[in-house]
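A quick write-up on the structure given underneath.
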Amino acid sequence: MSKMLTTGLTLGAGVAIGYYLRLPSKPKGPTLPADAKEVPLTGVDKDDFLAVFAELTKELVASFAPYDFPPRAAKYVQEMMDYNVPHGKLTRGLTVIATLKSLRGGELSPADFRRAAVLGWCVEWLQAMFLVMDDIMDDSQTRRGQVHQ
């Protein structure tokens with residue numbers, strides 16, 4: 001059962017202003033979705049961030065299964081993600097993790113790290129999309145100096 005904190009203020013003519021704050025009876029620790037694999041942390045944020053990327057791409061490709069996605073197409077999506085996303089400095093994505101660490105005042109649990117890393121990879125995927133769009137407009141033949149095979 002949750003507790004309720006009530007505070008109010010009465011102004012002239014009987015106008016009341018108040019707010020209610022519901023406090024959970026038991027704070028719950030962070031959990032991951034049931035099908036998410038927890039990545040063991042090494043303590044090196046960039047390495048751990050890249051490990052989360054590997055798991056996320058596997059999860060995304062596996063999520064195509066119910067849609068009869070051709071295996072060749074799923075493999076190509078995997079290759080596109082590997083080719084376009086994780087080869088930069090990863091500053092934007094790592095900043096998400098650093099910000100959460102700063103707000104929490106220290107190290108993160110594996111579940112919190114993975115959640116922050118997922119948000120960080122969303123930012124990195126968005127940035128990769130912008131760069132690919134720019135490459136298309138510029139008629140570039142490579143992505144970050146890599147030649148696609």
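Heavy-atom basis, side chains included; hydrogens, waters and symmetry copies ignored.
- You'll find the side chain of L108 reaches within 4.5 Å of the side chain of L100, heavy atoms only.
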Check against side chain to side chain contact (heavy atoms under 4.5 Å, CB included), M81 and V61: CA-CA 10 Å; M81 287 189 284; V61 171; 4.0 Å; yes

Worked verdict on S102 versus T99 for side chain to side chain contact (heavy atoms under 4.5 Å, CB included): CA-CA 5 Å; S102 179; T99 301; 5.6 Å; no

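- With a 4.5 Å cut-off on side-chain heavy atoms, E107 and F113 do not count as touching.
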Worked check of side chain to side chain contact (heavy atoms under 4.5 Å, CB included) between N84 and L131: CA-CA 9 Å; N84 288 299; L131 293 172; over 6 Å; no

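- L50 is not connected to L126 by any chain of hydrophobic side-chain contacts under 4.5 Å among Ile, Leu, Val, Met, Phe, Trp and Tyr, and they are in different clusters.
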Salt bridge (charged side-chain N to carboxylate O under 4.0 Å, His left out) between E124 and K46, intermediate numbers included: CA-CA 13 Å; E124 290 292 335; K46 188 170 184 177; over 6 Å; no

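- Tracing side-chain contacts under 4.5 Å through hydrophobic residues (I, L, V, M, F, W, Y), one never reaches I97 starting from L119; they form parts of separate clusters.
- Salt bridge absent: R72 and E79 never bring a charged side-chain N and a carboxylate O closer than 4.0 Å.
- V52 and V96 are not part of a single hydrophobic cluster, where members link through side-chain heavy atoms under 4.5 Å apart.
- A donor and an acceptor atom, one from each side chain of T42 and D47, are nowhere located under 3.5 Å apart.
- Ion pairing between a basic and an acidic side chain is recognised when a charged N comes within 4.0 Å of a carboxylate O; D45 and K101 show such pairing.
- Linking Ile, Leu, Val, Met, Phe, Trp and Tyr whenever their side-chain heavy atoms come within less than 4.5 Å leaves W125 and M129 in two separate clusters.
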Stepwise side chain to side chain contact (heavy atoms under 4.5 Å, CB included) test for F49 and V44: CA-CA 8 Å; F49 189 55; V44 179; over 6 Å; no

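- Residue A51 comes nearest to V39 through the heavy atom pair CB-CG1, 3.5 Å, listed as atom of the first residue, atom of the second, then distance.
- Checked by atom type and distance alone, the side chain of W121 never pairs as donor or acceptor with a backbone atom of T57 at under 3.5 Å.
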